[in-house]
Amino acid sequence: MTRPADAAVPAPAAPLDADAGEATGQAPILTARHLRRYFPVPRTLGKRGPAAQVHAVEDVSFDVAPGEILAIVGESGCGKSTVARMLAGLSEPTAGTVESDGRTLAAHRSAADQRLVQLVTQNPRAAFNRRRSIRHALHQPLRVHGLADKDERERRALETVQRVGLSAEHLDRMPRDLSGGELARMVLARALLVEPRVLVLDEPTASLDASVKATVVNLLLRLRDELGLAIVVITHEIDIARRLADRAAVMYLGRIAELGPASEVLHGPVHPYARMLLASIPEPDPARTGPARAADTPTAVGEVPSAVAPPPGCAYHPRCPLATAVCTAEVPELRRIGAVDAACHHADA
Amino acid sequence: MPDRSGPPAAAATAKASAARPARFRHLRNLGPAGWTGLVFVVAYLLVATVGQLHGSPTELVTLGPEAPSLAHPFGTDHLGRDLLARTAEGAWTSLWICLTSIGFALVVGTAIGVSAGYRHGGRLDGLLMRSVETVQALPQFIFVMFVIGLVGTQDMHWGPLTIGNGVRVALAIGIGFVPYFARVARAATVVEMREDYVVNLRGLGVPPREILFREVLVNVLPPVLGQAFLAMAIAVFAEGGLSFLGLGVPAPHATLGNLVADAGGQILGDAWWYATLPGAVLVLGILGFNLLGEAYGSRNRNRSTRSVRSVPAGAAPGGTTGSTGGIPAGYATEETK
């Protein structure tokens with residue numbers, strides 16, 4: 001967070017990070033404010049005492065502006081997908097709020113609020129009911145929201161399908177008759193039908209071929225430009241994030257380690273974890289991209305600690321080469337370092 | 001599908017079979033066991049209908065038991081009644097009792113199972129499944145005997161309503177089957193609720209009622225219907241068994257069970273046809289429904305695995321090349337022919 005710890009209680013509409021909407025000059029459309037999500041660990045029969053909890057997400061805050069793409073990157077289990085579900089209103093935050101246009105979205109969203117943020121899940125093949133036609137799937141959201149009568153629904157479905165590069169003929173098919181790339185675009189079409197202002201994509205390219213990935217990435221960029229959508233992309237694929245994002249956040253063990261412009265965060269981060277994450281990407285062609293930079297990057301030791309009992313202080317300190325006594329005692333706040341915000345006691349630009 | 005790779009002939013066949021009504025496609029995929037089952041069931045229904053046209057099941061047409069002849073293809077019983085007509089009546093009675101009981105169990109069991117599966121792990125789940133298991137505590141046949149033993153086999157009169165024993169047998173068998181349907185429906189619902197499409201529908205703002213009854217239910221029904229065919233075979237057997245023990249539909253109404261029971265004493269007296277022919281019809285029914293159920297169940301399993309396997313083999317390569325070829329040039333023109 002950019003805000004100093006001793007600042008007065010913030011006005012609800014104040015953006016949390018000043019960079020939001022820098023590119024477009026617009027106020028944020030979606031704000032995550034101090035989101036936390038704990039999951040209870042199932043207890044062994046007869047065991048007493050307070051139930052253990054998985055700290056999936058711990059104090060995550062960010063803004064997204066219309067026409068902006070924010071990438072959230074991090075390794076498996078860092079809480080990315082849980083953030084996505086909370087943004088889309090599918091999972092209730094343990095603490096914290098999701099706000100839109102300065103208005104807090106209730107835990108159980110109204111139909112209109114539910115349309116506002118659309119989640120697209122990872123596997124397009126599983127995203128459609130296998131016994132229902134694509135036409136049924138595309139008419140359904142319009143019908144349940146009472147957005148259009150039957151002819152109007154068909155017209156809008158067709159229009160949206162063409163917008164994502166498919167045709168009327170695809171409407172008559174069953175999901176199993178479409179290829180992975182076609183389905184990925186069809187899932188986007190369905191989400192767009194309810195006229196959302198924010199798209200949350202959970203690993204949009206993880207289950208696709210390399211060639212189809214490019215298609216989907218180009219489509220997302222085009223949709224952002226045409227519709228002025230705010231897009232949150234949750235991914236572990238750094239190259240996809242680099243291609244798409246205006247801003248990026250790196251998550252580690254439920255917290256944001258670094259947040260800022262994608263050009264900084266995904267190319268020259270300051271947080272030791274973010275640097276380790278980028279350095280661990282295998283370089284396919286060292287001759288073109290330069291030699292591996294592992295030597296000049298602080299290396300991590302050991303494994304990711306358990307989210308049931310996260311380490312005190314900075315969550316990364318047991319693995320961090322820069323760690324000192326202060327790291328074990330105090331949780332680092334996000335502070336401005338150069339162009340980015342990083343949660344580290346020792347990082348400097 | 002313009003971009004499907006593969007020989008044109010195969011594509012044409014696939015298209016033709018997709019266009020044909022689903023019912024005929026099912027028939028083609030039955031397999032030898034399924035076909036045998038179908039033939040048996042048709043034979044059972046044939047005996048049940050032709051026999052009723054053949055004559056009255058209660059009229060005394062001969063002086064005593066007579067072996068099968070042209071006039072009486074199944075012979076006559078110890079009172080001289082035409083056995084084909086009686087077998088037909090019995091087959092019909094068995095059939096409607098079974099259909100009623102399975103229909104009842106299907107509706108009630110699916111409703112309970114889907115509700116329990118939707119609230120998987122919750123209090124409603126526990127309450128519903130534990131109550132259903134109470135019924136299951138007794139073996140099904142014993143349970144039905146217990147119920148019929150309690151209420152007796154005579155007609156019951158509730159005001160203007162007369163409830164014959166057939167209805168009670170049907171309901172008792174039906175209640176006995178509810179746990180099986182509830183269990184299958186619950187298991188299928190639990191699996192379906194974890195599918196991505198349910199999350200997507202919730203995210204789109206589709207109400208839970210619609211997700212459950214218009215989306216999840218269509219995926220839960222096929223395994224439940226498979227169970228229904230198998231249960232049908234057991235119900236034919238159970239009804240026959242109850243009538244055999246005198247707990248089913250009382251005489252003079254014929255059922256396959258009480259025909260075989262009546263024949264018990266006659267077999268020694270050289271009247272081989274009396275027990276054998278109605279018994280054979282009973283076997284036709286049990287075996288037929290059982291084989292059909294098996295065929296239906298395995299077809300479902302095959303179809304679900306086939307649709308997964310066909311992804312890399314068929315749809316993906318064609319679709320992928322089509323997409324990547326077209327997209328960079330322009331989205332709108334791609335794959336629109």
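Naming: A, B, ... by sequence-line order, numbering from 1 per chain.
- Annotation: side chain of A/T97 is not in contact with side chain of A/L105 (no heavy-atom distance under 4.5 Å).
- Only the backbone of A/A191 comes within less than 4.5 Å of a heavy atom in chain B; its side chain stays farther off.
- Only the side chain of B/E210 comes within contact range of chain A, judged by heavy atoms closer than 4.5 Å.
- The candidate from A/A126, A/A88, A/P175 with the greatest count of non-hydrogen atom pairs under 4.5 Å with chain B is A/A126.
- The distance from atom CZ of A/F62 to atom CG of A/L35, rounded to the nearest 0.5 Å, is 7.0 Å.
- Here A/L221 contributes atom CG and A/R243 contributes atom CZ; the two are 5.5 Å apart, rounded to the nearest 0.5 Å.
- Under a 4.0 Å N-O distance rule, the pair A/R85/A/D202 does not qualify as a salt bridge.
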field: Residues B/R130, B/E133; criterion salt bridge (Lys or Arg N to Asp or Glu O under 4.0 Å); working and verdict
entry: CA-CA 5 Å; B/R130 294 306 85 75; B/E133 276 160 12; 2.8 Å; yes
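- Salt-bridge annotation for A/R156 and A/E152: present, with a side-chain N of the basic residue lying under 4.0 Å from a carboxylate O of the acidic one.
- Heavy-atom distances place both the backbone and the side chain of A/A127 under 4.5 Å from chain B.
- Identified by a heavy-atom distance below 4.5 Å to chain A, the contributing residues of residues 186-194 of chain B are B/E192, in residue-number order.
- No more than 12 heavy atoms of other residues, nucleotides or ligands shown are found within 6.0 angstrom of CZ on B/R119.
- Of the two parts of A/R109, neither the backbone nor the side chain holds a non-hydrogen atom closer than 4.5 Å to a non-hydrogen atom of chain B.
- The candidate from A/R143, A/H136, A/M174, A/H145 with the greatest count of non-hydrogen atom pairs under 4.5 Å with chain B is A/R143.
- Rounding to the nearest 0.5 angstrom, the gap separating the CG atom in A/L171 from the CD atom in A/E169 is 9.5 Å.
- At least one side-chain heavy atom of B/L45 sits under 4.5 Å from a side-chain heavy atom of B/L95.
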